[in-house]
Amino acid sequence: MTTPKARAAAFCARFGLRLPIVMAPMAGASPASLAIAVANAGGMGAGGVLTMQPAAIAAWSAEFRAGSNGAFQLNTWVSDPAPLRDAAHEARLRAFLGQFGPDVPADAGDAALVDFEAQCAAMLAARPAVISSIMGLYPPEFVAAMRADGIAWFANVTTVAEACAAESAGADAVVAQGAEAGGHRGAFIAGDAERAAVGLFALLPAVVDAVKIPVVATGGVADARGIAAALMLGASAVQIGTGLLRTPEAKLSPAWAAALAATRPEDTMITRAFSGRAGRGIATAYARAATVGPAPAPYPVQRGLTTAMREAAAKAGDVQHMQAWAGQSAAMARAEPAGDLLRDLWAKASALLGD
Ligand SMILES: Cc1cc2nc3c(=O)[nH]c(=O)nc-3n(C[C@H](O)[C@H](O)[C@H](O)COP(=O)(O)O)c2cc1C
C-alpha cells in the first residue's frame, strides 16, 4: 500500500514541487505576489482569472515568471446557462440593497462576464503547469488543446459523481472541495451547491476510492494537523485558500484580514447574496440580513446588483457589507510571510505523518 508521504512525493515529482501544497486560485484575491511566494517555497502558485481580460492574464503570468521559475495554475469558472431575468424582482433587490450601500443603478444587473473562450485562449498562451476548472468541466476541444500543450487539468469537484465525471472527461487530478471551503462552492449545477454540501472528512476518502487519478484536498485545511489528516485520508496534496489570506503577499484589505482572525468556524455561512452562486463567507450583517430579504437573483445578475454596495464597503473598510469570503478554518490563517508559513506547515505535517 502506498504511504501518504510516498503519494505526496509522487505528486510533487510529477508537478515540479518540493512540498505538496497548492495555493487556491482565488479570483480577486490571488495576486502574483502570493503565487510567487508560494512557488518559491516549493508549492504551486495560483491565479484566479475569472474577472480578468486576456491582457490581464498575460500580465499576471509575466509578473509571476519575473519572480519565480516555479509551477503555477490558472483557473476560471465554466459558464452557467444564461440567467433568467425578472425585472420586478430585480427592482425589489435594488431597493433592498440600497439600504446597505449606495443606490443601485437600474442597469446594474446587466453586468457582462469576460468572454470564456478568450480567457481559455489566454490561459493556454500563458503556458502554466496546470489549468484548473470550477463549476463544471471544460469542453473536449479545450481539454485536447491543454493536452497538446502539455498542460495538466485539475478539476474542482464537490461530490463523488462530479469526481467520476471529471476523470472520465480526462482530468489529470481532481480537487475535492469540502463544504468548509471559503469562497464559491464549485457544484457543477448551481442548485446542488447547498443541498449537497459535503464536508471534507466524508468527501475525500469517498472520492479517493472512486477515482484513479490523484486527489487534492481543499476546504478548511489551514494547519499541519489538517494537512497530515488530508494525506492520511488519501489526498496526494492539499490546496489552501483562506489559510494564506493573512500573509503580507496576499495584500488583502486590512478590515477583511482582521475579521478572518476573529472568525470561528460557526461564524461563516454559505450565501448566494453576493453573486447569486453559493459561497462561504463571514456571516456579516449584510449576509445575515439577506437571509430574510428578497431571494438573490441568479449569477451573475446578483453580482452586478451588489457591486455598488461591495465597492463602497471595500473603500470604507466596512467588513459588514463587503464580500468577505472565508472558510471555516479562517481563524487559523497566520499573518506571516507565505514562504515561512508553507515551510513550517509542511515540516510539522511531515513530522506528524512519520516515515
Ligand atoms: C477569496 C476566495 C476566492 C476564491 N475564488 C475561487 C476561484 O476563482 N476559483 C476557484 O476554483 N476557487 C475559488 N475559491 C475556492 C478555493 O479554490 C478553495 O476551494 C477554498 O479556498 C478552499 O477552502 P479554504 O479557503 O478553507 O482553504 C476561492 C476562495 C476564496 C477564499
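All ligand and atom numbering here is 1-based and tracks the order in the structure. Numbers here are sequence positions counted from 1.
Side-chain contact between Leu353 and Leu231 is present, with heavy atoms from C-beta onward closer than 4.5 Å. By the 4.5 Å heavy-atom criterion applied to side chains, Val38 and Leu34 are counted as neighbours. Here the side chains of Gln302 and Arg277 are not in contact, with every heavy-atom distance at 4.5 Å or above.
Contact annotation: for Thr242 versus ligand 1, heavy atoms closer than 4.0 Å belong to both the backbone and the side chain. Contacts between Gln177 and ligand 1 below 4.0 angstrom, taking non-hydrogen atoms only, involve the side chain exclusively.
Atoms of ligand 1 lying under 4.0 Å from at least one heavy atom of Gly327, given by number and element, are 26 (O). In summary, the atoms of ligand 1 found under 4.0 Å from a heavy atom of Trp325, numbered by their order in the structure, are 1 (C). Within ligand 1, the atoms closer than 4.0 Å to a non-hydrogen atom of Trp77 are 7 (C), 8 (O), 9 (N), numbered from 1 in the order shown. In the vicinity of Ile134, heavy-atom distances shorter than 4.0 Å reach the ligand 1 atoms 9 (N), 10 (C), 11 (O), 12 (N). In summary, the atoms of ligand 1 found under 4.0 Å from a heavy atom of Gly220, numbered by their order in the structure, are 23 (O), 24 (P), 26 (O).
Under the 3.5 Å distance criterion, the side-chain polar atoms of Gln320 are matched with a main-chain donor or acceptor of Ala285. Without hydrogens or angle criteria, Arg246 side chain to Ala333 main chain gives a donor-acceptor distance under 3.5 Å.
With a 4.5 Å cut-off between side-chain heavy atoms of Ile, Leu, Val, Met, Phe, Trp and Tyr, the cluster of Val216 takes in Phe11, Phe15, Leu17, Val22, Met44, Val130, Phe154, Val175.
For atom 16 (C) of ligand 1, the nearest non-hydrogen atom of the protein is Ala24 CB, 3.7 Å. Closest protein heavy atom to atom 27 (O) of ligand 1: Gly241 N, 2.9 Å. With hydrogens left out, the protein atom closest to atom 4 (C) of ligand 1 is Met26 CA, 3.4 Å, a heavy atom. When only non-hydrogen protein atoms are considered, atom 7 (C) of ligand 1 lies nearest to Pro25 O, 3.3 Å. The nearest protein atom to atom 22 (C) of ligand 1, hydrogens excluded, is given as Thr218 OG1, 3.1 Å; this is a heavy-atom distance. Given atom 17 (O) of ligand 1, the protein heavy atom at minimum distance is Gln239 NE2, 3.3 Å. For atom 29 (C) of ligand 1, the nearest protein heavy atom (residue, atom name, distance) is Gly182 O, 3.2 Å.
Backbone and side-chain nitrogen or oxygen atoms of Asn75 are examined, and one is located within less than 3.5 angstrom of a nitrogen or oxygen of ligand 1. Between Ala27 and ligand 1, a contact under 3.5 Å exists for at least one N or O pair.
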| message | Before you tell me yes or no, could you show the steps for Gln73 and Ser132 under side-chain hydrogen bond (donor to acceptor under 3.5 Å, both in side chains), namely the whole-Å CA-CA distance, both residues' side-chain angles and the distance that decides it to 0.1 Å? | response | CA-CA 7 Å; Gln73 62 164 320; Ser132 64; 2.6 Å; yes
| side-chain hydrogen bond (donor to acceptor under 3.5 Å, both in side chains) between Ser275 and His184, intermediate numbers included | CA-CA 9 Å; Ser275 70; His184 284 97; 2.6 Å; yes
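Look at Arg280 and you'll find every heavy atom at least 4.0 Å from all atoms of ligand 1.
Identified under the ring-ring contact (aromatic ring centres under 6.0 Å, His included) test for residues 251-279, with sequence neighbours left out: Phe274-Tyr286, Phe274-Trp325.
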